[in-house]
Amino acid sequence: MARKILCVAEKPAIARAVATHMSGGSFQTHAIRGNQYVKNYEFDFNFGDPWGHCSVTMTSVIGHLTGLDFERQYKGWQSCPPSVLFEAPVNEDVDKDKLPIAENIRNQARYSKALFIWTDCDREGEHIGSEVRNQAKSGNARIEVKRAKFSNTERAHVLRAAREPVDLDEYQANAVSARIELDLRIGAAFTRLQTLQLQAVAAVLKEKVISYGSCQFPTLGFVVDRYLRVQNFKPETFWGIKVMLQREGKKVNFLWKRVHLFDRAVVTMMLERCLAAKEAKVTKVAQKPKSKWRPLPLTTVDLQMMGSRYLRIDSQTIMKVAESLYTKGFISYPRTETDQFDKAIDLKKLVEKQFPDTEWGQYARDLIDGNFRTPRSGRHNDKAHPPIHPVSWVSSSSLNANEKKVYEFVTRRFLACCSDDAKGQSTDIEILYGDETFHANGLLVLERNYLDVYVYDKWESSQQLPKFEYGEKFVPTEANIFEGKTTAPNYLTEPELIGLMDANGIGTDATMAEHISKVKEREYVVVNKRGSGRTSVEELIPTRLGVALVEGYDNVVAGLPNSISLSKPFLRKEMELRMLEVCAGTKTKSEVVQQSLDMYREVFIHTQRRIEMLKAACRKYLVD
DNA sequence: GCAAGGTC
């Protein structure tokens with residue numbers, strides 16, 4: 001009998017895609033008992049040396065199999081002082097709803113020579129792989145464990161991954177395991193402490209869970225930070241000089257190189273020097289080709305930001321819609337950090353699939369007829385998934401309103417990536433007037449290229465400038481002072497918040513939207529609609545509770561050496577750096593867990609000691 | 001009743 005090999009992917013969709021490629025399309029599907037999503041696919045495959053021709057069962061998990069929790073006697077909120085949660089014993093158990101999946105793996109492992117792990121090639125995937133291995137080993141202690149390394153589900157790539165397996169990366173799995181333990185201990189300890197302490201402070205807090213999380217608090221912190229900047233803003237008056245020339249029936253406005261200054265007397269004096277000089281002299285006439293670059297291949301964060309901005313769909317809804325388009329086979333996997341296409345992907349074939357579309361089909365045909373360009377490459381590659389792109393064409397009539405918008409966006413973005421940059425010509429004129437420099441700029445768009453399909457970008461010709469000669473002199477038609485006021489920043493919008501989270505390493509592409517909805521659910525943040533109709537903007541504003549928590553924690557650590565408030569992203573960032581050290585093998589999991597716990601424990605002790613400050617902040621905002 | 005991370 002042929003040897004048997006068990007393959008396990010991170011999710012059902014990957015199991016199916018990999019089984020399809022490995023089997024050449026002919027496999028048997030078996031349902032498993034107790035879970036409707038996970039299937040076992042059976043087929044034969046020749047792995048080459050040393051495994052040779054084998055019979056294969058390809059199955060999957062559904063994300064993590066296990067969860068970490070405190071032992072039973074520490075689960076009650078009154079069972080121990082919250083500080084004990086920094087050391088209380090914890091257990092890793094298979095989640096209740098994952099029991100049938102774990103059992104399936106143990107059963108299949110029993111008759112298998114080897115286990116091939118096909119989880120995503122990222123840190124979490126490595127950990128999920130170790131969970132799968134543990135189950136397989138408990139079904140068959142002698143099973144050999146290998147890992148398939150793949151970054152997309154293109155056929156040749158998958159086959160090569162099957163024939164050149166590597167080993168699980170224990171370092172990465174350990175880093176995740178450290179993250180899991182830290183998130184649990186720190187989240188539970190602070191949540192219990194602040195909930196139990198603050199519920200008594202104000203009637204409105206009585207039944208509330210006031211949660212703390214190393215991601216949700218910095219998320220709240222960003223919102224509060226902007227809010228306070230808006231509240232504390234004091235407008236300042238500024239002055240500037242503008243110069244205008246009428247020539248060939250056109251008005252040319254020259255802008256001041258200094259933009260504006262905050263001292264009126266100085267600006268007046270400078271203008272007087274200009275006027276005294278009478279003539280301005282042209283010091284630069286530059287005509288140069290200018291292009292507007294086509295967009296980068298689409299990542300999750302970009303999809304969420306663009307979605308909020310142009311499609312007017314909040315980031316969590318966007319992800320749900322994208323997920324459903326993915327499940328139906330219309331777009332690629334929507335959770336990716338990669339903004340570069342792998343050379344192995346046949347992009348032209350994907351473009352051709354869009355031919356039937358009534359709106360952009362002709363554009364796609366023009367690309368294939370000679371306008372196709374290889375997409376730009378960004379600097380990110382998660383080595384797990386390609387950029388988001390359409391994988392098949394679907395008629396808009398078979399999609400609901402949001403699906404249609406998201407599919408259209410993903411497709412237009414993809415076609416834009418495969419297009420040429422927009423090209424134009426810019427003209428820069430610089431003049432010296434007295435001692436001051438001014439400039440005027442003109443733009444002529446010559447070829448729209450990608451802009452024709454990517455309707456979300458705007459780039460338009462400005463009014464054309466009349467002719468200027470280098471060195472020529474002229475008397476400006478007008479030169480005078482203008483006055484203005486600095487304006488307050490706006491409240492934070494969701495795309496801006498996602499940008500901040502991304503830049504500060506708060507959450508992952510898959511979870512940022514969840515953290516935002518969590519701070520709304522906890523009533524730390526509310527959404528306010530400014531303006532109306534198509535120009536309306538949704539702003540994030542902290543509630544009184546949200547402001548109180550941030551102010552309270554800022555006060556708790558104020559004046560302490562190395563004070564790092566929980567409302568800031570730094571503690572989380574440091575934790576992330578330590579995890580990278582575990583991945584590199586320079587630190588062990590337990591070293592990192594201890595170090596990070598020490599760091600948070602210090603803040604915890606200060607918080608307990610100065611709990612009155614936290615309570616006072618809540619009283620200030622929540623008790624009239 | 002707590003977290004964040006996978007995914008359905």
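Numbered from 1 within each chain, the chains take letters A, B, ... in sequence-line order.
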Closer than 4.0 Å, any side-chain N/O of A:His515 to the OP1 or OP2 of B:dA3?
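The answer is no; no side-chain N or O of A:His515 sits under 4.0 Å from OP1 or OP2.
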
Indicate whether OP1 or OP2 belonging to B:dC2 is found under 4.0 Å from a side-chain N or O atom of A:Arg522.
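So the side-chain polar atoms of A:Arg522 do come within 4.0 Å of the phosphate oxygens OP1 or OP2 of B:dC2, strictly under.
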
Compare the minimum distances between each of [options] and the side chain of [X], then state the nucleotide with the smallest one.
| X | options | value |
| --- | --- | --- |
| A:Arg572 | B:dG6, B:dC2, B:dA4 | B:dA4 |
| A:Cys215 | B:dG5, B:dA3, B:dT7 | B:dG5 |
| A:Thr511 | B:dT7, B:dG6, B:dC2 | B:dG6 |
| A:Pro12 | B:dT7, B:dA4, B:dG1 | B:dT7 |
| A:Asp120 | B:dC2, B:dT7, B:dA4 | B:dT7 |
| A:Thr191 | B:dG6, B:dC2, B:dA4 | B:dC2 |
| A:Ile128 | B:dG1, B:dG6, B:dA4 | B:dG6 |
| A:Gln216 | B:dA3, B:dT7, B:dG5 | B:dA3 |

Return yes when atom NZ of A:Lys149 has more than 12 non-hydrogen atoms of other residues, nucleotides or ligands closer than 6.0 Å, and no otherwise.
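No.
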
Tell me what [X] touches on the nucleic acid: a base, only sugar-phosphate, or nothing, going by heavy atoms under 4.0 Å.
| X | result |
| --- | --- |
| A:Lys320 | nothing |
| A:Asp69 | base |
| A:Tyr326 | nothing |
| A:Gly63 | base |
| A:Thr195 | base |
| A:Gln36 | nothing |
| A:Glu207 | nothing |
| A:His127 | nothing |
| A:Gly507 | sugar-phosphate |
| A:Arg179 | base |
| A:Ile180 | base |

If the threshold is 4.0 Å, N to carboxylate O, is there a salt bridge linking A:Lys568 and A:Asp225?
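The answer is no: the pair does not qualify as a salt bridge.
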
When you check the gap from the basic side-chain N to the acidic O, do A:Arg147 and A:Glu126 get nearer than 4.0 Å?
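Here A:Arg147 pairs with A:Glu126 in a salt bridge, since their nearest N and O are under 4.0 Å apart.
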
Grab the two heavy atoms, one from A:Leu85 and one from A:Phe70, that are nearest each other, plus how far apart they are.
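Closest approach of A:Leu85 to A:Phe70, heavy atoms only: O-CE2, 3.6 Å.
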
In whole angstrom, what separates [X]'s [atom1] from [N]'s [atom2]?
| X | N | atom1 | atom2 | result |
| --- | --- | --- | --- | --- |
| A:Ile101 | B:dT7 | CD1 | P | 13 Å |
| A:Tyr524 | B:dC2 | OH | C1' | 10 Å |
| A:Asn35 | B:dT7 | CG | C1' | 11 Å |
| A:Glu124 | B:dA3 | CD | C1' | 13 Å |
| A:Gln194 | B:dC2 | CD | C1' | 10 Å |
| A:Leu184 | B:dA3 | CG | P | 10 Å |
| A:Glu337 | B:dG5 | CD | C1' | 13 Å |
| A:Ile516 | B:dA4 | CD1 | C1' | 15 Å |

For the CD1 atom of A:Ile318 and the OG atom of A:Ser315, what is their distance to the nearest 0.5 Å?
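Rounded to the nearest 0.5 Å, the CD1-OG separation comes out at 8.0 Å.
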
Distance flag, aromatic centroids of A:Tyr553 and A:Phe217, threshold under 6.0 Å:
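Yes, ring centres under 6.0 Å apart.
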
Check whether NZ of the Lys or CZ of the Arg A:Lys11 lies under 6.0 Å from the centre of the six-membered ring of A:Tyr333 and within 45 degrees of that ring's axis.
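A:Lys11 over A:Tyr333 ring: yes.
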
Which comes earlier along DNA chain B counting from the 5' end, the contact point of A:Asp509 or that of A:Ala189, where each point is its nearest nucleotide?
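The residue whose closest nucleotide sits nearer the 5' end is A:Ala189.
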
Hey, which of these two, A:Leu68 or A:Lys11, hits DNA chain B nearer its 5' end, going by closest nucleotide?
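Nearest nucleotide further toward 5': that of A:Leu68.
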
Ring-base stacking, A:Tyr212 with B:dA3 (5.5 Å, 30° cut-offs):
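Per 5.5 Å and 30° rule: no stacking.
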
